[in-house]
Structure formats: structure tokens, C-alpha cells
Amino acid sequence: MTDQSASRRRILDATRRLIEADGVEAVSMRKVAAEVGLAPTAIYWHVGSREDLLSAVLDEMVADLPPIEARGTGARDRIASVARAARQEFLDQVTTLQLATELGRGNELSFRTQVALAREMTAAGLEGADAVAALRSILFLVGGFVVIEEQYRQRPPGELATRDLWAEVDDEDIAPAIREAMTGPTDTDALFTYSLDRLLDAVLA
């Protein structure tokens, strides 16, 4: 490896560490330069602009992602497994998703899931507008859950939660069992499974 290649490798590794530790907004050319012991001007010479640097790091992050593979034997199980794997990947790789979104490349992450779902839709005998609507519905379900779950993860204690508000509701038009249940915590895994099952009931009816 040449000195130039070695320096570029150190720069990319340092940038990725900064992103994973403190988020994309923490990355500046000056911080990266300090991490690797080079002048800021040398960073530009080795990797180009800040956007070029972030894009190179994202390329490596995406390349490191495992393939999204369907599991199971029946169509329902295989489609559901792709949806669950996509949701878990986004939750586990929020930093990658944030970086891709900042660079306007978020579609590259969802595209992997789109291709996997399209294969399973085809294998299940779904075609045309119905297959496309089903595929996109699953993508929206996954994406919606990921966005809301990430908001809840980052929120200050009590913010966005309505449990305390429900405890004060006294409405005869709402069943007491519903009011009581809404004062409890949300099991997002169970809720995702419930939502996905209801969607697949309709898709594969």
C-alpha cells in the first residue's frame, strides 16, 4: 500500500469512528485532520470535499451490510422475514441511515429491501399493480416504524408519550379496557408483528 493509500485509509477509518461515536454532524475536516495527525489541507488532497469524504465512508458502510435474504418456506413467512430483517437493519444501522439521508442517498438502503421483496412477490404469484402496492405498503410500514421508534429512542423522558394523558381521560364513548391499555407502554416488536400480519392477510388473501 502506498503512503497516499495508507493516509486515505486512515482518514476514512477516522471519519467512520467519528460518525459512529457522535453522528454525522460531528464530522469536520479539522476534526478528521486532528484524528489522523495531518493538516486539514492534506485531508482535502487525499479525499476531496467533506461530501466526497462522507460518500466514501457511506460506500464502505453499505458494502459491509449483510444481504437481506428471505427465510422460511411459504410465501407469507418469506415476505415477513424480509420486512423484519429490513426493520432490524435500519434500527441497528441508524448511523448509516442518517448519513445516507444527509447525502441524499437514502434510496440506496431501501432499494436492497425493494429488490428482495420484489423477488418474493414474484415467487408468490403476485403481479402488476397489486404486487407493487403490496411491496410499497410493506416499505412504508417498515419505514414508518423505524422513524417513530427512533424518535422515541431520542426523546427526553416523557416527551411524545401519551400514557399520562390517557390516565386522565374519562370518556364514556371509549371502552374502559381501551383507556386502561393506552396508559401502558408500547411493545413496538409486537405492534410491528401485528401490523405486518394484518397487511399480509390482505395481500395474500
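Being a predicted model, the structure only gives us computed values, none of them experimental. Only this structure's heavy atoms are used, side chains among them; waters, hydrogens and symmetry mates stay out.
Of the candidates Asp189, Asp92, Thr113, Arg87 forms a side chain to side chain contact (heavy atoms under 4.5 Å, CB included) with just one, namely Asp189.
No more than 12 heavy atoms of other residues, nucleotides or ligands lie within 6.0 Å of CD in Glu180, so this atom counts as exposed by the packing criterion.
Here the side chain of Arg78 pairs no donor or acceptor atom with the backbone of Arg71 at under 3.5 angstrom.
By the side chain to side chain contact (heavy atoms under 4.5 Å, CB included) test, Ala167 pairs with Thr183, sequence neighbours left out.
Ion pairing of Glu35 with Lys31 is absent here, as no side-chain N (NZ or NE/NH1/NH2) approaches a carboxylate O to less than 4.0 Å. Here Arg9 pairs with Glu60 in a salt bridge; the nearest charged N to carboxylate O distance falls below 4.0 Å. Here Arg17 does not pair with Asp22 in a salt bridge; the nearest charged N to carboxylate O distance is not below 4.0 Å. A salt bridge between Glu102 and Arg50 is present, with a side-chain N of the basic residue lying under 4.0 Å from a carboxylate O of the acidic one.
Looking only at side-chain heavy atoms (C-beta outward), Leu126 and Leu135 stay at 4.5 Å or farther from each other. A heavy-atom distance below 4.5 Å is found between the side chains of Leu53 and Leu12. With a 4.5 Å cut-off on side-chain heavy atoms, Arg105 and Ser55 count as touching. When side chains are defined from C-beta on, Leu54 counts as touching Ile19, because their heavy atoms get closer than 4.5 Å. The shortest side-chain heavy-atom distance between Asn107 and Gln114 does not fall under the 4.5 Å cut-off. At a threshold of 4.5 Å between non-hydrogen side-chain atoms, the residues Arg16 and Asp64 count as touching. Two residues are said to be in side-chain contact when any heavy atoms from C-beta on lie closer than 4.5 Å; His46 and Leu38 meet this criterion.
A cation-pi geometry, defined here as NZ or CZ lying under 6.0 Å from the six-membered ring centre and within 45° of its normal, does not hold between Arg136 and Phe140.
A continuous path of hydrophobic side-chain contacts links Val62 to Val146 [ILVMFWY only; heavy atoms under 4.5 Å].
Judged purely by distance below 3.5 Å, without hydrogens or angles, the side chains of Glu149 and Thr188 pair a donor atom with an acceptor atom. Side-chain N/O atoms of Ser49 and Asp52 include a donor and acceptor closer than 3.5 Å.
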Checking Gln93 against Met61 for the side-chain contact (heavy atoms from CB on, under 4.5 Å) test, could you report, in this order, the C-alpha distance in whole Å, the side-chain angles of both residues, the deciding distance, and whether it holds?
CA-CA 9 Å; Gln93 303 293 335; Met61 286 179 161; over 6 Å; no
